[in-house]
A.B. asks: 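Below is a structure I'd like to ask you about.
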Amino acid sequence: MRFETAPAILLDVFDLRDRDRIVAFLTAEQGQVRGVASGARSKHSRFAGQLQPLAKVGMTWIRKEGRDLVRISDVELVRPATRLQSTLEGILLGGCLADHMLHFAQENEAGSPLFRLLDSTLESLEAGVDPALAARYYETWMLRLAGIFPPPRECPLCGSAFEEGEGAALGSASEALICRRCAAGEPATPVSAEALAFLRQTARTALPALATEPPAPAVLAEVEQLAGRIRRTFLGHELKSYEVMHRTLAATF
């Protein structure tokens with residue numbers, strides 16, 4: 001048995017029995033961790049007000065050899081996701097951000113880049129960055145870190161670099177970005193020059209800096225479609241949270 005302490009971001013919280021809760025959280029050193037917060041549903045629980053979705057916390061837990069779930073002993077709120085949780089759109093987006101991590105972050109394996117991605121995205125959202133921009137930045141980086149997002153630099157078929165102002169295409173079979181010449185004659189999905197430029201920007205520019213000159217909404221919509229197709233091909237299905245978000249917003253607005 002050993003005590004462990006680390007900064008963490010809460011991904012999911014759900015009830016267990018009458019008094020307890022299961023908490024999934026993300027850390028830099030151990031990736032995704034799941035634990036039991038005993039008595040968290042009690043009226044005078046020491047966890048009261050601390051287990052907020054997507055909050056950044058100081059987490060202390062006890063790990064016992066051979067147990068899948070750790071036992072959470074202390075949670076100290078560092079940064080609540082107040083702005084994100086204040087609107088329906090924000091709550092739904094937050095569910096998508098967390099769902100990506102639950103699918104892509106490995107349990108009990110180091111995940112520093114993933115932790116930094118989620119942490120910086122949430123910090124930017126709390127600072128007022130456009131949610132659509134933050135979501136596209138997050139999605140493309142998530143897929144990039146998972147090793148499944150095609151590099152927006154050169155065609156893997158002919159080796160030619162994508163020129164500035166030149167678009168590309170997403171191959172129908174390979175899920176790779178290829179040049180328009182190699183895409184001729186096959187049912188590939190066109191990728192505009194503006195979308196390709198945005199993908200290059202996300203690779204070298206932090207989200208707050210990107211927000212100073214954001215791309216047009218049409219470009220963000222195109223990148224959303226592109227990322228969604230790659231994600232669905234890799235997972236074999238769409239994230240339930242993504243489907244719920246679009247269905248709910250379509251019915252509300």
Side-chain angles (χ1 to χ4, degrees), residues 93 96-97 99-101 103-106 111-118 120-121 124-125 129-243 245-246 250:
L93 173 58
C96 283
L97 300 182
D99 208 7
H100 274 81
M101 280 297 171
H103 277 80
F104 288 100
Q106 299 299 307
S112 295
L114 290 175
F115 183 85
R116 289 196 299 270
L117 172 62
L118 181 56
S120 62
T121 301
S124 295
L125 284 166
V129 165
D130 174 40
L133 174 63
R136 303 296 79 79
Y137 181 90
Y138 180 85
E139 284 176 343
T140 53
W141 259 110
M142 176 66 71
L143 297 174
R144 188 177 285 128
L145 291 172
I148 57 175
F149 199 88
R153 294 185 295 273
E154 62 183 31
C155 177
L157 299 182
C158 66
S160 60
F162 298 128
E163 301 293 338
E164 291 292 333
E166 179 185 36
L170 185 65
S172 58
S174 62
E175 293 297 327
L177 284 174
I178 58 179
C179 69
R180 295 285 177 85
R181 292 179 295 278
C182 290
E186 72 164 281
T189 302
V191 178
S192 69
E194 293 77 13
L196 200 60
F198 174 75
L199 295 176
R200 291 195 190 100
Q201 277 189 295
T202 61
R204 60 176 185 263
T205 307
L207 181 53
L210 202 61
T212 60
E213 294 185 33
V219 174
L220 294 177
E222 183 181 355
V223 172
E224 181 179 11
Q225 294 298 316
L226 179 65
R229 174 176 155 180
I230 294 168
R231 180 177 60 240
R232 289 189 297 273
T233 299
F234 178 75
L235 294 175
H237 59 86
E238 183 56 280
L239 295 176
K240 185 177 291 185
S241 60
Y242 186 86
E243 293 179 332
M245 178 176 67
H246 278 267

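For clarity, every value in this text was computed on a predicted model and none was experimentally measured.
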A.B. asks: With side chains defined as the heavy atoms from C-beta onward, is the minimum distance between R180 and P190 less than 4.5 Å?
C.D. replies: yes
A.B. asks: Which value, rounded to the nearest 0.5 Å, describes the distance between S192 atom OG and E222 atom CD?
C.D. replies: 3.5 Å
A.B. asks: Just verifying a value: how many Å separate T140 OG1 and F198 CZ, rounded to the nearest 0.5 Å?
C.D. replies: 5.5 Å
A.B. asks: Donor-acceptor pair, distance only, cut-off 3.5 Å: does the side chain of R231 make one with the backbone of L143?
C.D. replies: no
A.B. asks: Checking R153 side chain against R200 main chain: does a donor-acceptor pair fall under 3.5 Å?
C.D. replies: no
A.B. asks: Just by modelled atom types, is the H237 backbone N or O under 3.5 Å from a matching donor or acceptor in the R232 side chain?
C.D. replies: no
A.B. asks: Determine whether a donor-acceptor pair (N or O, by modelled atom type, separation under 3.5 Å) exists between the side chain of H246 and the backbone of Y242.
C.D. replies: no
A.B. asks: Going from NE2 on H103 to NZ on K240, what distance comes out if it is rounded to the nearest 0.5 angstrom?
C.D. replies: 9.0 Å
A.B. asks: Classify the angle between the aromatic ring planes of F234 and F104 as parallel (below 30°), tilted (30 to 60°) or perpendicular (above 60°).
C.D. replies: parallel
A.B. asks: Does Y138 use its side chain to pair, donor to acceptor, with the backbone of L97 at less than 3.5 Å?
C.D. replies: yes
A.B. asks: I need the single residue from L133, L125, D130, T202 that forms a side-chain contact (heavy atoms from CB on, under 4.5 Å) with L207. Which is it?
C.D. replies: L133
A.B. asks: Output the distance between atom CG (L199) and atom CZ (R144), rounded to the nearest 0.5 Å.
C.D. replies: 7.0 Å
A.B. asks: Among all residues two or more places apart in sequence or in another chain, which pass the side chain to side chain donor-acceptor pair (under 3.5 Å) test with E243?
C.D. replies: none
